[in-house]
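Worksheet for the structure shown next.
Here the structure is a predicted model, which is why all the values come from computation and not from measurement.
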Amino acid sequence: MTDTALAGASPDQAGNGRAKRPTSRPAAKPHGQWKVDGTAPLNANETWKQEDDGLNVRERIESIYAKEGFDAIPGQDLHGRFRWWGLYTQRKPGIDGGKTATLEPHELEDKYFMLRVRIDGGALTTEQLRVIGQVSVDFARDSADLTDRQNIQLHWIRVEDIPEIWNRLESVGLSTTEACGDVPRVILGSPVAGIAKDEIIDPTPLIRELGDRFIGNPLLSNLPRKYKTAITGHPSQDVVHEINDFGLVGMVHPELGPGYDLWVGGALATNPMLAKRLGAFVRPDQAADVWLGVTSIFRDYGYRRMRTKARLKFLLADWGPEKFRQILEDEYLGYKLADGPAAPKPTTPGDHIGVHEQKDGRFFIGATPLAGRLSGSQLVKLADALEARGSQRLRTTPHQKIVVLDVPKDEVEQLVAELEALGLSARPSVFRRGTIACTGIEYCKLAIVETKVTAATAVAELERRLADLAASGELPHALSLHINGCPNSCARIQTADIGLKGMMLPTPDGDPTPGFQVHLGGGLASSDREEAGLGRTVRGLKVYVEDLPDYVERVVRTFVAQRAEGQTFAEWAHAADEEALQ
């Protein structure tokens with residue numbers, strides 16, 4: 001047999017010159033897609049979700065667990081269905097990050113809960129803010145963390161107090177319904193919806209309709225995994241739509257007028273994927289049906305056999321945008337969506353920091369806490385300060401910021417000063433503005449390292465160390481530093497200029513210590529970049545927690561020294577030699 005013949009032969013044929021009987025491949029395992037494989041559960045998680053809807057656990061919390069206490073809660077409710085009402089057990093104090101992956105959930109957890117208050121569109125009244133703050137003071141040891149999904153999280157919650165907390169929240173129109181779990185999570189919405197002078201379309205009515213029709217609805221209370229939505233009508237594209245399962249971005253169609261550009265299938269975690277445009281233009285009157293259609297595709301075709309593959313991004317990756325759009329139109333909408341161009345690149349920052357005039361002549365003020373950390377007492381004082389200056393509305397943001405609305409012109413500067421006194425800066429440094437951090441090891445059972453104190457320390461040190469660059473104008477006007485306590489990327493590490501993934505690092509004496517893997521040059525569509533992109537990792541580039549300020553100072557100074565005219569940090573980080581990034 002010639003070499004030419006062998007080149008086209010199978011490995012079995014090439015090995016001995018004669019063909020072997022072809023071996024049969026095992027049948028592909030089902031993905032657990034309800035419309036393809038049937039609804040029989042293929043793992044324990046899917047079994048208990050079908051046995052009893054997570055929404056049903058509320059009645060047991062109120063009638064049994066709140067009366068009998070933590071030890072009365074069975075495991076499937078405690079570690080499963082409680083999430084449908086915004087409740088996770090929190091980490092027991094004193095367990096170091098090296099034990100996170102080796103201990104069972106019951107060994108890691110305390111007999112207290114994190115309670116997530118659901119705030120769709122980030123929209124709050126001062127009355128609602130005051131109630132959250134007082135709940136924190138009365139039941140949560142004065143804890144309150146602002147998340148990068150527009151929620152507020154409270155800690156140290158006892159099961160005995162949950163019914164009273166729900167009563168207080170619901171008395172002012174708030175809830176914790178489906179704030180966690182395999183359900184439609186909080187709907188991200190533009191923090192300047194309805195008030196920005198340059199807004200394309202106000203998504204407030206749509207967000208309200210989705211909440212009223214579908215949140216807490218058994219129709220969608222058993223999805224394969226969590227499902228995240230982001231909707232904006234503002235040209236800054238201020239809701240990080242590229243990393244959500246479903247995204248609508250306001251735009252003006254050349255023939256059809258204002259509406260939305262549709263994005264599907266974004267998510268980060270340990271296998272990051274950016275959402276894809278379907279090339280479809282969504283009219284305002286179609287938007288709710290399109291959301292229901294995409295969500296129903298996830299419910300019916302999403303992968304349920306393996307939870308590591310159960311996000312919508314994996315289905316989209318296999319189908320592709322064209323097939324996904326076809327299934328949406330043919331099976332769920334019953335009509336074709338118009339084709340549409342992409343929304344233009346943003347021209348303004350999407351965090352809305354600073355003082356800006358509203359369309360009605362009043363002003364909104366965007367201010368940042370330090371890495372999302374607040375307290376219940378601060379929230380109560382904030383509500384008082386806003387009302388004293390003529391404002392009764394505010395918004396939380398997907399960047400761990402707060403936007404105060406409806407401030408009269410003659411009250412702006414006084415309120416800016418009062419916000420500063422409360423730990424909310426409307427004129428922050430580059431580092432305070434750009435730093436976000438997840439919950440971290442203080443409360444989270446998945447975390448490996450501490451994040452909030454690490455972030456606060458880094459910001460203070462960098463403000464001091466790089467004051468010379470700030471004074472000379474050489475410091476970049478925007479620089480994002482995202483600190484995450486584990487690989488799951490709640491703080492969006494792959495889409496930051498400098499993203500930090502918590503991990504245990506070896507030391508010379510062999511005793512592991514907390515540190516970070518570094519991602520550089522990530523970002524979402526903004527006034528500084530044309531489109532979203534993931535950060536770069538450099539082999540061997542890891543930083544101990546205590547060395548973080550040293551590292552960031554070093555890499556920023558190297559960037560300032562080496563950058564080309566007009567080059568952003570992200571552009572430089574992707575182009576630079578590895579030695580420059582160490």
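In terms of modelled atom types and a separation under 3.5 Å, the side chain of Asp142 and the main chain of Ser377 share a donor-acceptor contact. Between the side chain of Lys313 and the backbone N or O of Leu268, at least one donor-acceptor pair lies under 3.5 Å. A side-chain donor-acceptor contact under 3.5 Å links Thr396 to the backbone of Gln150. With hydrogens and angles ignored, the 3.5 Å screen pairs no side-chain donor or acceptor of Glu242 with any backbone N or O of Leu274. A distance-only check finds a donor-acceptor pair linking the side chain of Lys445 to the backbone of Thr89 [under 3.5 Å]. For the pair Lys276 (side chain) and Ala317 (backbone), a donor-acceptor distance under 3.5 Å is absent. Between the side chain of Thr102 and the backbone N or O of Lys99, at least one donor-acceptor pair lies under 3.5 Å. A donor-acceptor pair is defined here as one N or O able to donate and one able to accept, closer than 3.5 Å; such a pair exists between the side chain of Asn244 and the backbone of Val240. Although no hydrogens or angles enter the test, the distance criterion places no donor-acceptor pair under 3.5 Å between the side chain of Thr435 and the main chain of Arg432. The closest donor-acceptor contact from the side chain of Asp202 to the backbone of Thr204 lies under 3.5 Å.
For the pair Arg311 and Asn271, the minimum side-chain heavy-atom distance is 4.5 Å or more. At least one side-chain heavy atom of Leu548 sits less than 4.5 Å from a side-chain heavy atom of Val552. Between Val192 and Asp238 the shortest side-chain heavy-atom distance falls below 4.5 Å. When side chains are defined from C-beta on, Ile132 counts as touching Leu124, because their heavy atoms get closer than 4.5 Å. Side chains of Ser480 and Asp497 form a contact here, defined as non-hydrogen atoms less than 4.5 Å apart. Thr308 has its side chain out of reach of Tyr303: every pair of non-hydrogen atoms, C-beta onward, lies at least 4.5 Å apart. Val294 has its side chain within reach of Tyr227: a pair of non-hydrogen atoms, C-beta onward, lies under 4.5 Å apart. Under the 4.5 Å side-chain criterion, counting only non-hydrogen atoms from C-beta, Leu248 is not in contact with Trp291.
Using a 30° and 60° split on the angle between ring planes, Trp572 and Phe569 fall in the tilted class, from 30° to 60°. Aromatic ring pairs are classed by plane angle as parallel below 30°, tilted from 30° to 60° and perpendicular above 60°; the pair Phe113 and Phe82 is parallel. Relative orientation of the Tyr443 and His155 rings is parallel, given thresholds of 30° and 60° on the angle between their planes.
A distance of 10.0 Å separates CZ in Phe364 from NZ in Lys197, rounded to the nearest 0.5 Å. Summarising the geometry, atom NZ belonging to Lys501 is positioned 6.0 Å from atom CD1 belonging to Ile493; distances are rounded to the nearest 0.5 Å.
For the 3.5 Å distance criterion, the side chains of His234 and Ser236 qualify, holding a donor opposite an acceptor. A donor atom on one side chain and an acceptor atom on the other are not found under 3.5 Å apart for Ser526 and Asp528. Between the side chains of Gln562 and Thr558, no donor-acceptor pair of N or O atoms lies under 3.5 Å.
By the ring-ring contact (aromatic ring centres under 6.0 Å, His included) test, Phe324 is found to be paired with Trp319, residues two or more places apart in sequence or in another chain being considered.
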- Message: Does Glu474 form a side-chain contact (heavy atoms from CB on, under 4.5 Å) with Arg563? I'd like the steps, not just the answer.
- Response: CA-CA 11 Å; Glu474 296 176 277; Arg563 66 181 167 187; 4.0 Å; yes
- Query: Does the pair Arg116 and Arg149 meet the rule for a side-chain contact (heavy atoms from CB on, under 4.5 Å), with working shown?
  - Reply: CA-CA 11 Å; Arg116 182 177 294 158; Arg149 290 200 61 80; over 6 Å; no
- Task: Determine, step by step, whether Asp110 and Arg91 satisfy the salt bridge (charged side-chain N to carboxylate O under 4.0 Å, His left out) criterion, reporting the C-alpha distance in whole Å, the side-chain angles of both residues, the deciding distance to 0.1 Å, and the verdict.
- Result: CA-CA 6 Å; Asp110 212 340; Arg91 189 186 191 95; over 6 Å; no
- Hey, mind stepping through Ser489 and Gln494 against side chain to side chain donor-acceptor pair (under 3.5 Å) and telling me if it holds? CA-CA 8 Å; Ser489 202; Gln494 299 98 330; 2.5 Å; yes
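The only option from Arg225, Lys226, Arg307, Arg83 that meets the side chain to side chain donor-acceptor pair (under 3.5 Å) definition with Asp182 turns out to be Arg307.
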